[in-house]
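Everything on this sheet refers to the single structure shown next.
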Amino acid sequence: LVSSAVKSNRSLQTVLKGGSQLETGKPGFLPFYERLIRRFLGYIVGEVLVSLFLGIAFFAVHYVCTGNRVFEDFSWFLSILITVSMLCLYYATYTFRKIIPEMNIRLQPEDAQVYLIPLQVLLSDRNFIVAGLFFGISNCAFGYSFGLPVIQSTGVITIMGGYLLAGFICGMAVFGIYGVSVAIIAFSGKAKSSFDFTSPDHCGGMQFLGEALVVFSSVTLIVGVLISIYILKTDWIRESTWWIISLKGFWIIFPYAMSLIALVVPAVATNKALTEYKMNQEMILQKHITEIRTHLEGNTISASEKDELRKEYEFQKNMRQDLHGMKTWPFGLNAILKYLAIFLPNLYASVKTASVWIHKFF
């Protein structure tokens, strides 16, 4: 831990001196699952190819081992789950990297450490790998508990490999949500000096965070729906006792819970900071307006001074109206509509699949 902190401090010094690509918006935050791809294949194309390769590779190996049964036991769907999960992880990483410059310009260089240190310490390659392995092994354990939908020994090996790979990817995503949430919460507490109630986004200048959170939540939701579909439609061979049903329910609900956490938890911290800022500004404006009104009602100033005060009074009233219109949640209308466009179809797919499964057992 001490070694990690030392390395993080060195990285932080680079950032504060302007030498880090995190500050310029170039690809500075590059976890291990992106570095080699960018070096040899380039951005976007390489990430799409790798995602497709992982899904197709699993399908090909599993098909060789099980034959046409891959279409009968629904294990073909696991290849789609692997590909989509990897694509979502890449997109979420790209989105996070895109908001780093926005966060940097809203903080003094010496204040950037408040979120850069957690970022450097938490989102390390080692931690990503540990989280991925933990979720990968857990996924294998859950799949085995449900009753693997294959009989051949070679098929058992390949399907468990698929569970390990899918869990590894999703585990990195879950850990990424945790690390990003910690960084955004720390950032929100220090960003008050940059808030501006006259900002065109009507969110004090924080709408960029809300849009990013919608992306994180949406990609998690998409993967969660795919996981639920796979679990509910797979012909597990073990009898569905109450504890098996409970395990399935937990593993289905977990991605949905993570989707909600990714959307709400960081936003709550931003909402708290924006609310405090708005209340403080309201007190300042109210005090100023009261002082102007007191002077206008008195008889100690000249006519020309009263005219100036009346102009100042109207200006302060307009400022107060702008403040009143500022939202304290960092979500604009576009972000909300985007989320609903993803949430509603996925909710429909989940409910439809779950209703068939519930009818089957009850």
Side-chain angles (χ1 to χ4, degrees), residues 1 4-5 7-18 20 22-25 28-29 92-93 95-124 127 174-217 220 258-285 322-332 335:
L1 182 61
S4 298
K7 291 179 181 177
S8 299
N9 284 329
R10 289 174 181 171
S11 300
L12 176 61
Q13 292 303 317
T14 305
V15 172
L16 296 181
K17 291 176 182 176
S20 172
L22 286 175
E23 191 170 6
T24 62
F29 174 65
T93 304
T95 301
F96 177 60
R97 185 165 44 245
K98 194 168 67 170
I99 68 172
I100 289 175
E102 295 276 2
M103 294 166 72
N104 283 341
I105 63 176
R106 286 167 170 79
L107 294 178
Q108 296 296 323
E110 61 272 15
D111 290 335
Q113 62 180 323
V114 74
Y115 84 92
L116 288 173
I117 286 180
L119 179 63
Q120 296 285 348
V121 172
L122 287 176
L123 299 185
S124 65
N127 288 343
V174 169
F175 187 76
I177 290 172
Y178 169 69
V180 169
S181 297
V182 169
I184 291 177
I185 289 170
F187 162 79
S188 297
K190 279 286 186 179
K192 290 181 185 177
S193 61
S194 69
F195 293 167
D196 180 7
F197 62 84
T198 65
S199 176
D201 66 3
H202 303 294
C203 295
M206 293 292 108
Q207 186 173 308
F208 75 98
L209 276 184
E211 292 176 349
L213 294 178
V214 166
V215 171
F216 301 147
S217 180
T220 307
M258 289 307 303
S259 174
L260 245 141
I261 289 171
L263 182 69
V264 174
V265 171
V268 167
T270 306
N271 167 258
K272 180 182 177 182
L274 286 170
T275 300
E276 291 175 356
Y277 165 80
K278 187 172 182 178
M279 291 176 62
N280 184 55
Q281 292 298 311
E282 171 65 26
M283 291 173 59
I284 293 172
L285 288 175
D322 290 340
L323 178 64
H324 181 74
M326 189 193 91
K327 298 187 291 290
T328 55
W329 289 95
F331 303 112

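Residue numbers start at 1 and run along the sequence shown. Keep in mind it's a predicted model, so treat the numbers as computed, not measured.
Crowding of K278 atom NZ: a count of heavy atoms from other residues, nucleotides or ligands under 6.0 Å exceeding 12.
Distance alone, capped at 3.5 Å, places no donor-acceptor pair between the T328 side chain and the N271 backbone. Looking at Y277, its side chain does come within 3.5 Å of a backbone N or O of F197 through a donor-acceptor pair. Under the 3.5 Å distance criterion, the side-chain polar atoms of N127 are matched with a main-chain donor or acceptor of V121. Judged purely by atom type and a 3.5 angstrom limit, T270 uses its side chain to pair as donor or acceptor with the backbone of P266.
Scanning both residues, S188 and A273, for their nearest heavy atoms gives O-CB, 3.4 Å. Residues Y115 and I100 come closest through the heavy atom pair OH-O, 3.6 Å. When every heavy atom of K98 is checked against every heavy atom of E102, the shortest pair comes out as O-CG, 4.3 Å. Considering every non-hydrogen atom in both C203 and D201, the closest pair reads N-OD1, 2.8 Å. G176 and L123 get closest at one heavy-atom pair: CA-CD2, 4.1 Å.
Going from atom OG1 of T198 over to atom CD of Q281 covers 10.0 Å, rounded to the nearest 0.5 Å. Here the straight-line distance linking atom CG of N104 with atom CD1 of I99 works out to 10.5 Å at 0.5 Å rounding. Atom NZ of K327 and atom CG of L274 lie 10.5 Å apart (nearest 0.5 Å).
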Does F96 form a side chain to side chain contact (heavy atoms under 4.5 Å, CB included) with I177? I'd like the steps, not just the answer. CA-CA 10 Å; F96 177 60; I177 290 172; over 6 Å; no
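Here the side chains of R106 and F187 are in contact, with some heavy-atom distance below 4.5 Å. In this structure, L209 and F331 have side chains that are not in contact, with every pair of non-hydrogen atoms separated by 4.5 Å or more. Between M206 and S194, the closest side-chain pair of non-hydrogen atoms falls below 4.5 Å.
In this view, K192 and E276 satisfy the salt bridge (charged side-chain N to carboxylate O under 4.0 Å, His left out) rule, not counting sequence neighbours.
Taking the six-membered ring where the residue is Trp, F175 and Y178 present tilted rings, their angle falling between 30° and 60°.
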